[in-house]
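Structure first, then comments.
Here is how names work: the chains are called A, B, and so on, in the same order as the sequence lines, proteins then strands, and each is numbered from 1.
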Amino acid sequence: MQIKKIRDIIIMRINVDTAGNHTGYRYGNRCRFYKERLKYKMNNLAGRYLAAKRQLFDKYYSDLNPEQRRAVFTVNGPLLILAGAGSGKTTVLVRRIAYLIRYGNAYMSNKTPDDLTETGVKQLEEAALNMPREQLADILPEFIESPCPPYRVLAITFTNKAANEIKNRLEAEFNGEDISGIWAGTFHSICMKILRVYYKEAALGPDFSIYDTEDSKKAVSDAMKRLNIDEKTLPLKGVMNEISRSKDKLKGPDEYAGEAGNDFRKKQIARIYKEYQMALAASNALDFDDIIFKTVKLLHGNADVRQRYQSRFLYVNVDEFQDTNEAQFALTALLSGGYRNIMVVGDDDQSIYRFRGATIANILGFDKNYSNAEVIKLEQNYRSAGNILGAANGIISKNRGRRGKSLWTEKPDGELITVRELENENTEARFIVDTISRSVRMKKRKCRDFAVLYRTNAQSRVLESAFAKSGVPYRTLGSLRFFDRKEIRDIIAYLNIIVNHNDESRLKRIINEPKRKIGDKTIDEIARIARDGGIGMFDVIEHASRYEELSRSAAALSQFATLINQLTEISKTVPVAELIRRVSDMSGYRAMIIAGGDAERDRLENIDELISGALEYQKSNEEATLAGYLEEVALVSDVDKYDETADAAILMTIHSAKGLEFPVVFLPGMEDGIFPGMQTINSYDENDMEEERRLCYVAITRAKEKLFILCAHERTLWGRSGGNPPSRFISELPEQFLDRGSSEEKENQPEKAASRVYYSQKPVKTRKEDVLTVNRPVVKKQEPAEFSDVKEGDRVRHRIFGDGEVLSVRTMGADILYEIAFDTAGTKKLMGSYAKLNKI
DNA sequence: ATGGGGCTGCTTTTT
DNA sequence: GCAGCCCCAT
């Protein structure tokens, strides 16, 4: 296959096209163009008409800030919205889609009616001044300019949760009007929608299965066994990762092999990759990465299909762009290739998924890939109190690979951030629980106001038991997912076999579950015969008696085949929920659980829950099909079901907290070795530390009112006890936002620190400075007064933005917020303590 | 074929 | 510290 450098080709095309015959103007040109035109027409009717029109829209959208409005009104051409944490990103996305469906390009358009009259324009000007905002909706339709029908809008997100939120908020926005034509979904669900229609063109069978990580792990492991590659010499995890990253980069097995060169490990992986893909093809299955890979391949290689979607999607909107990988970037480029109205929102400072292939280059270089892209920054934060935001700005400013943004808020400073070192992980947990229960007892807050965010899931155990003991209601997110439970996976495997008899991974999973006296030997033999004969495993099973090698288990095998065939017949007549019931009965699965006695009780309940979930699916989908259900099950996680109304404190990893906000946030385990983790500390790639720092930034910006940063003097981790120095990230926080407890506590610190047993495996890495900062009680106060002689109207110089004029000076906590109109870099809001301003 | 006991090795996670 | 895997005994 020659999908060589799809990405390069796509990017090249973008550049060529945009440089050539794009409909828009470069923004700079457009600005100049505007000004000239406005100056010229200032006194004539058309100019006044346009000004009044824009005033009317600005007024109608006055619940948004000016940057947000610009993001809503800029609909044509490529647009990058850099949306800081808590800057109203989803609101903008939703309002923008609603705007282009209602008004099209009304605001930016320079068209004027031919029959303008003095009185008509006067009326508009009058309305812009005096008409109450609510009534403006009646006038605005007059300005509609090529509105976009809902079905021509595409909105892509990462999680189902985000997709649902967009859908729901849009529905509310249109309250009752039919906008169901909008394509809003995750990358994977969008791709599935395409692949289900054009499966033939994508060289897939009609009822292909989706392998989740667990399934593909098995398939890769099997492939390695077949190739006689030992998992001890080449760990499965690394192989999986390499294959997955390779697919992210749109590289198939052959290309991967081509690039392996003389690298033995890569050559091995290339063989596994190829074998794995062959197994997937034989099973008529795709893994998660393939869903996107194959779609990009299809759109790239098939002009008809490509054109079909390119001519359909007039506006393409991509959420969380900082988390896209190369394949996803290519997909968005292909889908938006028709009209090039592509808008991406994201925050480079919140990119925390590099480890799974996200490339921050997509957002950092968006305006290079799309040379005429406009860039809008949303920097006003509506979420966090001043001190929290100050700390967040402080820490993220230490990163180098960023576009540079500095958030500001109109909110008061609020409380200082509490930083505490506790004795050990148990006292740390108790501190959290006590703080919560005290606050709840005093009726200051509800339990659900509190969130505990940790770096690793391993930290949750101690926390959970502290919560359990105290009786403070709590919930943990992301422990064992419902669909990861064995019994659920088994039943789902049966359903997959019914749809796709040759799904090898699922077949292996349930062929002997419950026990049917079909052992591993037999299964391997079946797989081998199938492979040699180029037929499906199920075909072999169905005709087991034909093969001498299988004679011993032939009876059991044909019984199994009969079971599957019967269930397949049944599946054609009964709905999914009923089918699940039949599967669990006829397969003997239910009987097996019941035989297990009381210990297995909840497994039975889980199956019942699965059935009610299927009923739910039938209710909400008019065309409920088994294949559709399986797709939903494969692509939907139960994290989406995080119930924000339950009155319980919530415990989760920082990663899963992204996009959420809480009045009070605890960050336990802020220690070098945990956060940042040992791997990061020992890494020679400074990008690793930057990503860790971004994660810390995400953690801090989850808090609305109050933040606790905690570490333990001693900690038992992985069975060994020892201690970690407080996280280097704590010392990166500007001191003026922190409350480090009484001076007494501080004085005790050096001794404690001296007696510490460090985990550090590579003492080389523990540099002198680190130890010093740890041991010395940090009391250096930052001097915000340093620049306080800068006044409104002064000329100043900034390291990056150059020279500019100070528009306003405002105190924000112990810091000062400057608004500065830079000569070349535009108007920016900067915090005094980081801005490093020099008066000139 | 199956079940139990010992051994290893270990971020983060959505789809 | 514990989960998940491998190997061995039945």
Taking atom C1' of B:dA1 as reference, at what distance in whole Å does atom NZ of A:K517 sit?
7 Å
Whole-Å distance, A:N325 CG to B:dT15 P, equals 14 Å
Comparing A:I518 with A:A458, nearest DNA chain B nucleotide closer to 5' gives the residue A:I518
Side-chain heavy atoms of A:T653 within contact of A:L453, under 4.5 Å:
no
Whole-Å distance separating the CD atom of A:Q322 from the P atom of B:dT13
16 Å
Picking from B:dT15, B:dT11, B:dG3, which would you name as closest to the side chain of A:K237?
B:dT11
Are the side chains of A:I511 and A:I541 in contact, using a 4.5 Å heavy-atom criterion?
yes
Charged N to carboxylate O under 4.0 angstrom, A:K658 versus A:D323?
yes
The side chain of A:R455 is closest to which nucleotide in this list: B:dT12, B:dT15, B:dT14?
B:dT12
For A:E231 and B:dG9, give me the distance from atom CD to atom C1', rounded to whole Å.
14 Å
Please check if the side chain of A:N500 supplies one atom and the backbone of A:S283 the other of a donor-acceptor pair under 3.5 Å.
yes
Residues in side-chain hydrogen bond (donor to acceptor under 3.5 Å, both in side chains) contact with A:D524, at least two apart in sequence or another chain:
none
When the nearest nucleotide of DNA chain B is assigned to A:Q679 and to A:T522 on a heavy-atom basis, which residue is associated with the more 5' position?
A:T522
Can you list everything that forms a side-chain hydrogen bond (donor to acceptor under 3.5 Å, both in side chains) with A:D215? Sequence neighbours excluded, please.
A:R489, A:R506
What is the nucleic acid contact for A:G519, judged by heavy atoms within less than 4.0 Å: base, sugar-phosphate only, or nothing?
sugar-phosphate
Among B:dA1, B:dT12, B:dT15, the one nearest A:K521 by side-chain distance
B:dA1
Let's test your reading of the model: under 3.5 Å, does the base of B:dT14 pair with the side chain of A:S656 as donor and acceptor?
no
Sugar-phosphate, base or nothing in reach of A:F355, heavy atoms under 4.0 Å:
base
Categorize A:R461 for me: base, sugar-phosphate, or nothing, with a 4.0 angstrom heavy-atom threshold over every strand shown.
sugar-phosphate
Can you pull the contact range of chain A along DNA chain C, 5' to 3', using atoms under 4.0 angstrom from its heavy atoms?
C:dG1 to C:dC2
Expressed as a whole number of angstroms, how long is the span from A:D248:CG to B:dT14:C1'?
12 Å
Just N and O in the side chain of A:T653: are any of them under 4.0 Å from OP1 or OP2 of B:dT13?
yes
I'd like to know if A:R694 pairs up with A:E692 as an ion pair, taking the criterion as any Lys NZ or Arg NE/NH1/NH2 lying under 4.0 Å from an Asp or Glu carboxylate oxygen.
no
Can you name the residues that form a side-chain hydrogen bond (donor to acceptor under 3.5 Å, both in side chains) with A:S189, not counting sequence neighbours?
A:T186
If you check the A:Y353 side chain, which of B:dT13, B:dT15, B:dG3 turns out closest?
B:dT13
With sugar-phosphate meaning primed atoms plus P, OP1 and OP2, does A:N512 contact a base, only sugar-phosphate, or nothing at under 4.0 Å between heavy atoms?
sugar-phosphate
When the distance from CD of A:E513 to C1' of B:dG3 is rounded to whole Å, what number comes out?
13 Å
Of all of residues 182-196 of chain A, which get a heavy atom below 4.0 angstrom from DNA chain B, listed by number?
A:T186, A:H188
From the options B:dT12, B:dT2, B:dT14, select the nucleotide whose nearest atom is closest to the side chain of A:T456.
B:dT12
Applying salt bridge (Lys or Arg N to Asp or Glu O under 4.0 Å) to A:E549 and not counting sequence neighbours gives A:R528
Can A:D287 and A:Y276 be counted as having a side-chain donor-acceptor contact under 3.5 angstrom?
yes
Would you indicate what A:E692 reaches in the nucleic acid, counting non-hydrogen atoms under 4.0 angstrom: base, sugar-phosphate, or nothing?
base
